[in-house]
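Each remark here refers to the structure printed beneath this line.
Note on naming: letters A, B, ... go to the chains in the order of the sequence lines (proteins, then strands), and numbering restarts at 1 for each one. What you see is a predicted model; the values in this text were computed from it and never measured.
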Protein chains: 2
Amino acid sequence: MNKVFEALASAARRKILAYLNQGELSAGEIAERFDFSKPALSAHLRILEEAGLITREKRGQFVFFRLVPERLANTVFAWAAELCPVARPLKREVRARRKPAG
Amino acid sequence: MNKVFEALASAARRKILAYLNQGELSAGEIAERFDFSKPALSAHLRILEEAGLITREKRGQFVFFRLVPERLANTVFAWAAELCPVARPLKREVRARRKPAG
DNA sequence: CCATCAGTTAATCAGTTGATTAACTATTTA
DNA sequence: TAAATAGTTAATCAACTGATTAACTGATGG
């Protein structure tokens with residue numbers, strides 16, 4: 001949980017997640033989309049991976065990365081939903097059932 | 001956006017938001033719930049305020065803080081929903097209306 | 001008016017983050 | 001096997017975070 005929010009504190013890392021949301025990419029393909037050095041990118045990818053937000057798969061010479069949307073759903077999304085009753089149509093039903101006569 | 005995610009990178013600040021989700025609290029009431037010094041708390045509150053996640057209101061000797069759930073909804077929640085199609089019942093309806101005959 | 005209480009600001013400091021270059025590992029290909 | 005390509009690790013460094021204490025501002029109340 002902590003690692004997830006720390007990972008998301010970087011705009012570059014959030015951008016990486018947005019790219020991966022389109023489909024898997026190799027480290028090199030991600031690197032093309034940014035200005036910083038390969039080691040810098042490697043560090044960002046490690047942080048995202050350790051937060052459980054992406055997975056890594058080595059295929060031959062390349063390393064491909066994929067988004068893990070369930071991880072986001074179970075951490076950030078769920079956390080935000082807890083503090084955003086305004087955006088929570090599902091949970092409202094649950095509440096209504098718990099307090100049937102107000 | 002960036003400031004919001006940076007603000008949320010701290011577990012202490014997320015905890016402050018959780019407390020404020022129960023209702024408004026003065027700085028002192030928040031301080032009681034933590035171990036660190038007043039200036040440290042003051043800094044955390046300033047960061048949350050500058051991110052637009054809380055508002056401040058001075059009443060007499062006290063400063064009361066309140067959560068701004070809409071801010072969370074429009075930043076974190078919306079951002080996460082974009083990457084979590086698995087958890088997006090609202091947007092599905094919007095899409096369905098846009099493409100009525102698929 | 002003076003003491004106290006609530007909170008912020010300033011100065012300082014240790015630890016972390018995020019970047020770089022250089023060197024390394026591992027895979028492909030000639 | 002040697003060269004090239006893809007990526008990581010190591011060493012280093014500047015900049016930022018997050019904490020502390022001391023000093024300040026502003027409201028309350030004897």
Is there a path from Y19(A) to F65(A) through hydrophobic residues (I, L, V, M, F, W, Y) whose side chains come within less than 4.5 Å of each other?
yes
Whole angstrom is fine here: how far is it from CZ in R14(B) over to P in dG18(D)?
12 Å
When the distance from CZ of F5(A) to P of dT17(D) is rounded to whole Å, what number comes out?
18 Å
Which whole-number value in Å describes the distance from L41(A) CG to dT21(C) P?
15 Å
Closest-nucleotide ordering on DNA chain C, the 5'-leading residue of E29(B) and D35(A)
E29(B)
Side chain of K38(B) only, heavy atoms from C-beta on: which candidate in dG7(D), dT20(D), dA6(C) is closest?
dA6(C)
Can you find a side chain N or O atom of H44(A) that sits less than 4.0 Å from OP1 or OP2 on dA19(C)?
yes
Measure CZ/F36(A) against C1'/dG7(D) and give the value in whole Å, please.
15 Å
Would you say R56(B) places a side-chain N or O within less than 4.0 Å of OP1 or OP2 belonging to dT8(C)?
yes
Which residue lies toward the 5' end of DNA chain C, S26(B) or A40(A), if each is placed at its nearest nucleotide?
S26(B)
Given dG7(D), dG18(C), dA22(D), which nucleotide is nearest the side-chain atoms of P39(B)?
dA22(D)
So if I take every side-chain heavy atom of K58(B) and compare against dG18(C), dA27(D), dG7(D), which nucleotide ends up nearest?
dA27(D)
Would you indicate, yes or no, if dA19(D) has its OP1 or OP2 atom less than 4.0 angstrom from a side-chain nitrogen or oxygen of S37(B)?
no
Under 6.0 Å between the ring centres of F34(B) and H44(B)?
no
Between R13(A) and dG18(C), is there a contact of a side-chain N or O with OP1 or OP2 at under 4.0 Å?
yes
Of all the nucleotides listed (dG18(D), dT8(D), dT8(C)), which has the minimum atom distance to the side chain of S42(B)?
dT8(C)
Main chain of A9(B), side chain of R13(B): is a donor-acceptor contact present, judged purely on distance under 3.5 Å?
no
Spacing of Q61(A) atom CD relative to dA6(D) atom C1', expressed in whole Å
5 Å
Gap between atoms CZ and P, on F64(B) and dA6(C) respectively (whole Å):
11 Å
Let me know the distance between CD1 of I47(B) and P of dT9(C), rounded to the nearest Å.
12 Å
Rounded distance (Å) that lies between atom C1' of dA6(C) and atom CD of E32(B):
12 Å
Can you tell me if R46(B) touches the phosphate of dG7(C), counting only side-chain N or O atoms and a distance under 4.0 Å to OP1 or OP2?
no
Same cluster for L72(A) and I30(A) if Ile/Leu/Val/Met/Phe/Trp/Tyr side chains link at under 4.5 Å?
yes
What's the closest nucleotide to the F62(B) side chain, out of dA27(D), dA6(C), dT20(D)?
dA6(C)
Verify, without hydrogens or angle tests, whether S42(A) (side chain) and K38(A) (backbone) share a donor-acceptor contact under 3.5 angstrom.
no
